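This report concerns only the one structure given below.
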Number of protein chains: 2
Amino acid sequence: MTPMIQACVMHFGEMGSRWGINRTVGQMYALLVLSQTPLTADQIAESLGFSRSNVSMGLKELQSWELVKLQHIPGDRKEYYSAPAEIWDIAKTLMEQRRKREIDPTLSTLRGLLMTDPVSEEEKYAQQRMREMHDLIEMLTKWTTEIQRLDSARLQVLLKLGNNLGKVLDIKDKLLGKN
Amino acid sequence: MTPMIQACVMHFGEMGSRWGINRTVGQMYALLVLSQTPLTADQIAESLGFSRSNVSMGLKELQSWELVKLQHIPGDRKEYYSAPAEIWDIAKTLMEQRRKREIDPTLSTLRGLLMTDPVSEEEKYAQQRMREMHDLIEMLTKWTTEIQRLDSARLQVLLKLGNNLGKVLDIKDKLLGKN
DNA sequence: CTGTAATTTCAGCAATTACTGAAATTACAG
DNA sequence: CTGTAATTTCAGTAATTGCTGAAATTACAG
């Protein structure tokens with residue numbers, strides 16, 4: 001592993017650990033993302049200096065997030081892992097999984113609590129706040145769902161727009177202003 | 001603490017711990033958000049059954065995230081804590097802090113790595129991926145920055161639009177399609 | 001100032017999470 | 001099938017993170 005790749009792998013390991021993602025799993029994924037060719041578990045263990053079993057568990061975790069593809073090479077008994085070829089696909093998967101695991105349960109909890117009648121002024125206020133949280137989260141979620149619908153090609157356009165993004169959103173603002 | 005509030009507090013404690021946020025800190029903040037009146041550290045410790053010192057550390061953490069306001073009540077020596085009155089303000093602060101702590105360092109690391117010349121095909125590919133990551137993260141960040149500029153009033157409009165949000169974004173899509 | 005209430009700090013213990021190596025299981029070539 | 005390579009599981013241990021109570025510090029009323 002070259003120093004450049006190593007530095008990136010380390011950084012994403014650190015970042016992962018701030019996000020409830022195991023540091024070593026973060027490193028493994030960064031390595032896969034940066035690798036042009038699929039890797040075996042042994043290669044990953046070797047590159048990062050982790051035990052083979054740790055890599056096995058990490059890959060299992062990444063599979064549960066649907067972030068890696070498993071493939072076989074004809075005449076080779078080993079399993080090869082790779083990350084999607086498009087970064088945008090990775091981001092979309094992350095958003096979707098986060099929603100499934102964190103947002104949806106939260107919305108459903110909030111809805112449940114909003115069903116019951118408040119028994120005091122205190123609960124009335126708390127419910128008000130829960131309602132605000134619910135509506136805000138729901139809206140932001142819808143927003144990201146729309147964004148997720150963008151395909152890679154469309155995204156290229158947005159990326160090229162770059163600093164003009166603000167203008168596009170200003171137009172949106174004006175549209176909204178009329179409502 | 002009523003069962004309804006308790007349930008919400010517990011839920012956000014759990015969720016927090018999936019996000020690299022200490023479970024007890026998450027509970028403390030949920031309690032503050034749901035409380036109509038400011039609370040003292042002692043009240044929080046009492047309500048949640050934590051030690052006074054744990055609450056002290058948790059509040060310090062929340063202050064470092066700029067998520068709580070500290071206030072004094074005349075003739076009372078204790079310190080009272082409260083969350084912003086607007087949920088949207090809380091969300092904006094969270095987005096801003098996350099950006100400062102996680103996104104900005106990541107972008108700057110990636111930029112640094114993209115400055116150096118690739119010494120092999122392997123590094124060339126890795127850099128390509130880093131470039132894609134960088135540009136995507138930068139774009140999404142700009143996006144959220146624009147969203148953050150919305151004030152509460154404007155947000156109300158968006159919230160009321162509700163299911164029509166998709167349509168608004170479709171209009172945006174069409175605008176982009178022309179580019 | 002002085003005394004006391006409020007708050008913070010921090011060393012030490014508890015709980016949780018991460019990682020490993022050995023054993024078990026699975027996969028498959030021959 | 002059989003033998004072997006590959007992978008997974010899991011009990012035990014290591015490392016990290018979280019929490020507490022006691023002591024130190026700070027804040028302020030009188």
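Naming convention: chains lettered A, B, ... in sequence-line order (proteins, then strands); numbering from 1 in each chain. Because the structure is predicted, anything quoted here is derived from the model rather than measured.
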### Summary
Whichever of Y80(A) and G75(B) has the more 5' nearest nucleotide on DNA chain D, that residue is Y80(A)
### Query
Between S53(A) and dC19(C), does any side-chain N or O lie under 4.0 Å from OP1 or OP2?
no
### Task
Give none if dC28(C) has no partner; otherwise give the nucleotide forming a Watson-Crick or G-U wobble pair with it, both distances under 3.5 Å.
dG3(D)
### Query
Please give, in whole Å, the distance from dC28(D) C1' to E79(B) CD?
12 Å
### Query
For the side chain of E46(A) and the backbone of D42(A), is there at least one donor-acceptor N/O pair under 3.5 Å apart?
no
## Note on the structure
d(M139(A) CE, L155(B) CG) to nearest 0.5 Å is 4.5 Å
#### Entry: Electrostatic pair E146(B)-R149(B), nearest N-O below 4.0 angstrom
yes
### Message
Under 4.0 Å, heavy atoms only, any strand: does N22(A) hit a base, just the sugar-phosphate, or nothing?
### Response
sugar-phosphate
### Between dT17(C) (P) and F50(A) (CZ): distance, integer Å
19 Å
### Message
Any N or O donor-acceptor pair under 3.5 Å from the base of dG21(C) to the side chain of S51(A)?
### Response
no
### Message
Just N and O in the side chain of R77(B): are any of them under 4.0 Å from OP1 or OP2 of dA29(D)?
### Response
no
### Query
Applying a 3.5 Å limit to both distances, which nucleotide forms a Watson-Crick or G-U wobble pair with dA18(C)?
dT13(D)
### Message
In this structure, how many angstroms lie between the C1' atom of dA6(C) and the NZ atom of K60(B), rounded?
### Response
16 Å
### Task
Check for a donor-acceptor pair, side chain of K69(A) on one end and backbone N or O of Y80(A) on the other, with a separation under 3.5 Å.
no
### Task
Using both distances under 3.5 Å as the test, list the Watson-Crick or G-U wobble partner of dT9(C), or none.
dA22(D)
### Query
Given that G20(B) and H72(B) both sit by DNA chain D, which one's nearest nucleotide is further toward the 5' end?
G20(B)
### Query
If only side-chain N and O atoms of K78(B) are considered, is one of them under 4.0 Å from the OP1 or OP2 phosphate oxygen of dA27(D)?
no
### Query
Does I90(B) share a hydrophobic cluster with Y125(A), counting links as ILVMFWY side-chain heavy atoms below 4.5 Å and allowing steps through other members?
no
### Message
Need to verify one output field. Residue with the more 5' nearest nucleotide on DNA chain C, D76(B) or R52(A)?
### Response
D76(B)
### Message
Nearest whole Å is fine: how far is dA6(C) P from E46(B) CD?
### Response
14 Å
### Task
Measure from CG on N54(A) to P on dT8(D) and round the result to the nearest Å.
13 Å
### Message
I'd like to know if E86(A) pairs up with R129(B) as an ion pair, taking the criterion as any Lys NZ or Arg NE/NH1/NH2 lying under 4.0 Å from an Asp or Glu carboxylate oxygen.
### Response
no
## Note on the structure
In whole angstroms, the gap separating P of dA11(D) from CE of M57(A) amounts to 13 Å
### Task
Mind calculating the distance between CG (D42(B)) and P (dT8(C)) to the nearest angstrom?
11 Å
### Task
Using a heavy-atom cut-off of under 4.0 Å over every strand shown, decide if R23(B) touches base, sugar-phosphate, or nothing.
sugar-phosphate
### Task
Nearest whole angstrom, please: distance from the C1' of dC28(C) to the CD1 of I73(A).
17 Å
### Query
Heavy atoms under 4.0 Å, any strand shown: does T40(A) hit a base, just sugar-phosphate, or nothing?
nothing
